[in-house]
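Both ligands and their constituent atoms are indexed starting at 1 by order of listing.
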Amino acid sequence: MSMTTSENNICSKNTLLEETILQVEKAVQRLGLDSGYVKILKEPKRVLSVSIPIRMDNGSIEVFRGFRVQHNLARGPAKGGIRYHPEVDMDEVTALAMLMTWKCAVVNIPYGGAKGGVICNPKELSLGELERLTRRFASEISIIIGPEKDIPAPDVYTNPQVMAWIMDTFSMHQGFSVPAVVTGKPIEIGGSQGRNEATGRGVVFTIEEAASRLEINLDESTAAIQGYGNVGSVAAADLSNLGCRIVAVSDSRGGIYSEKGLDLEKLNAYKASTGSVVGYPEVRPVSNQDLLTLDCDVLVPAALENQITGENAPKIKARLVAEGANGPITHTADQILFERGITVIPDILANAGGVVVSYFEWVQDLQNFYWTKDEVNRQLRSRMVESFREVYQFKEQDGVSMREAAYMLALGRVARAMEFRGLYP
Ligand code: GLU
């Protein structure tokens, strides 16, 4: 392996994992916890790597690789999404599982962290192939998932239909319906009202909290959203309902910018018919990278990790950045933004709305008693606002960034649970 390749590997592949561990080390130090916690928490508790052979539509056999990683179970069963992406790998899934441990702790729901991934490009698979891939993957990981063990959910490029196939496969193995084995299901089979919109909605609840403290008037503000998927499109709609002008959005194919603001209803109809926001009339095209440095008050990176780096962080113009995606800002960029006085609402707080409503869904499934959408949204808001306040309090007390504060809150909770339980044997 040449020097360049191994350097690239360190920079591009291990970054999220290494950077998450860095945050853990810092928080453990600040809290004055036993450094042994870092040793335990930088390792995932359990990793499963599976091969997924499926019959393709053309009759050939393809073999895919999938993972499920459980990071820490001190506070309850493992919880976290499943990602289908051509570039997903074990390190990334491990980092994302770790982020789920902190996320669940920040919003104080009784779960540990997990994540799953399958290396594939779902856009190139037929519906039948996707179903066979999902069912075989579900069957392979069924040895470690279950309502009291580990509860998957949607993540990048997975959706309620994929969750329905997982729920059905697991239920077929058991011989009876087990809705609580996954969350983010269709309503018809035990899904929760408001789950689809929960992540984007939660992002906006935290933006409202931050804006009021920063004296940003949202109804006179502009916002740019990177990633117009499940998270970004809901965040855009909710921000727009608060009077905020959405000046730019993007998806994996590129972005669009309009100084006077985008008409989201028309844009949604355009995206529904063409599959992308690119090509929308009477706007200026922008790249995914250029969108980040546009003139706006609020920036929501809601696509993938490592988007705001040491290179573009000095050029960010927004006053407030809310991480809709997991890990979109590198450690270096984070420090630059902090020094520049730009407030960042970290992923483990900003995008926790999804797993909060997943928790509500699981509770409803276990009780066979279902809530109204208003009840879900009311409880989501209260959970997000309370968590924001707790993180903000740490930030004010210790003069740290919102991210460091969120890690301190999360690490404190996880460490206390570990301390009570003790080291086995
Ligand atoms: N994939 C989402 C996340 O990263 C949701 C996980 C869940 O609901 O379990 O938070």
Side-chain angles (χ1 to χ4, degrees), residues 16 20 67-73 75-85 88 92-118 141 145-147 149-160 162-163 166-167 179-186 190-203 205-206 227 229-232 234-235 301-305 322-328 345-365 376 379-380 383-384 387 406 410:
L16 190 59
T20 310
F67 314 102
R68 184 73 184 170
V69 176
Q70 297 174 350
H71 172 252
N72 183 277
L73 307 181
R75 302 181 72 254
K79 187 85 190 80
I82 291 174
R83 172 176 297 205
Y84 287 176
H85 199 274
V88 77
E92 187 189 10
V93 175
T94 303
L96 293 166
M98 213 179 260
L99 284 177
M100 288 308 302
T101 302
W102 318 134
K103 198 183 290 187
C104 294
V106 166
V107 289
N108 211 3
I109 54 178
Y111 290 133
K115 204 79 171 197
V118 176
I141 64 169
I145 65 169
K149 295 200 276 185
D150 179 354
I151 307 110
D155 198 76
V156 174
Y157 295 148
T158 55
N159 58 24
V162 171
M163 297 307 116
I166 297 176
M167 178 270 199
V181 66
V182 284
T183 57
K185 300 177 295 292
S192 175
Q193 297 286 346
R195 173 61 185 86
N196 270 346
E197 307 86 37
T199 312
R201 184 142 298 157
V203 168
F205 289 155
T206 64
N230 182 43
V231 180
V234 175
L304 288 170
E305 47 259 31
E323 292 187 314
N326 291 315
I345 314 173
D347 45 10
I348 56 174
L349 171 64
N351 73 37
V355 75
V356 166
V357 177
S358 274
Y359 168 56
F360 298 160
E361 179 174 332
W362 179 74
V363 167
Q364 293 170 75
D365 290 336
V376 169
Q379 298 243 18
L380 171 63
R383 202 49 86 142
M384 297 303 292
S387 307

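Counting protein heavy atoms only, atom 8 (O) of ligand 1 is closest to S358 OG, 2.5 Å. Of the protein's heavy atoms, A153 CB, 3.3 Å lies nearest to atom 7 (C) of ligand 1. For atom 9 (O) of ligand 1, the closest non-hydrogen atom on the protein side is K79 NZ, 2.8 Å. Here the heavy atom of the protein found nearest to atom 3 (C) of ligand 1 is K103 NZ, 3.3 Å.
Between R68 and D150 there is a salt bridge, since a side-chain N of the basic residue sits under 4.0 Å from a carboxylate O of the acidic one. Here E305 pairs with R83 in a salt bridge; the nearest charged N to carboxylate O distance falls below 4.0 Å. A salt bridge does not link K115 to E92: none of the charged nitrogens lies less than 4.0 Å from a carboxylate oxygen.
Using a 4.0 Å cutoff on heavy atoms, G184 does not count as a contact of ligand 1.
With a 4.0 Å heavy-atom cut-off, ligand 1 is reached by the backbone of P154 but not by any atom from C-beta on. In N326, the part holding a heavy atom less than 4.0 Å from any atom of ligand 1 is the side chain. At a 4.0 Å heavy-atom cut-off, ligand 1 touches K115 through the side chain alone. Contacts between R195 and ligand 1, counted as non-hydrogen atom pairs separated by less than 4.0 Å, involve the side chain only.
Between I151 and G146, the shortest heavy-atom contact is CG1-O, 3.8 Å.
Numbered from 1 in the order shown, with element, the atoms of ligand 1 that lie under 4.0 Å from a heavy atom of D155 read 1 (N), 2 (C), 4 (O). Atoms of ligand 1 found under 4.0 Å from any heavy atom of M100 (numbered from 1 in listed order, with element): 3 (C), 4 (O), 6 (C), 10 (O). Near G81, the atoms of ligand 1 lying under 4.0 angstrom from a non-hydrogen atom of the residue are 1 (N), 6 (C). Atom numbering of ligand 1 starts at 1 in the shown order; those under 4.0 Å from a heavy atom of G80 are 9 (O).
At distances below 3.5 Å, at least one donor-acceptor pair connects side-chain atoms of D347 with backbone N or O atoms of G327. Remark: side-chain polar atoms of T101 are paired, donor with acceptor, to backbone N or O of G113 under 3.5 angstrom.
For the residue pair K79/T183, the side-chain donor-acceptor check at 3.5 Å is satisfied. In summary, the side chains of N108 and R75 do present a donor paired with an acceptor at a separation below 3.5 Å, with no hydrogens or angles considered.
With rounding to the nearest 0.5 Å, the separation of CZ in R195 from CZ in R201 is 12.5 Å.
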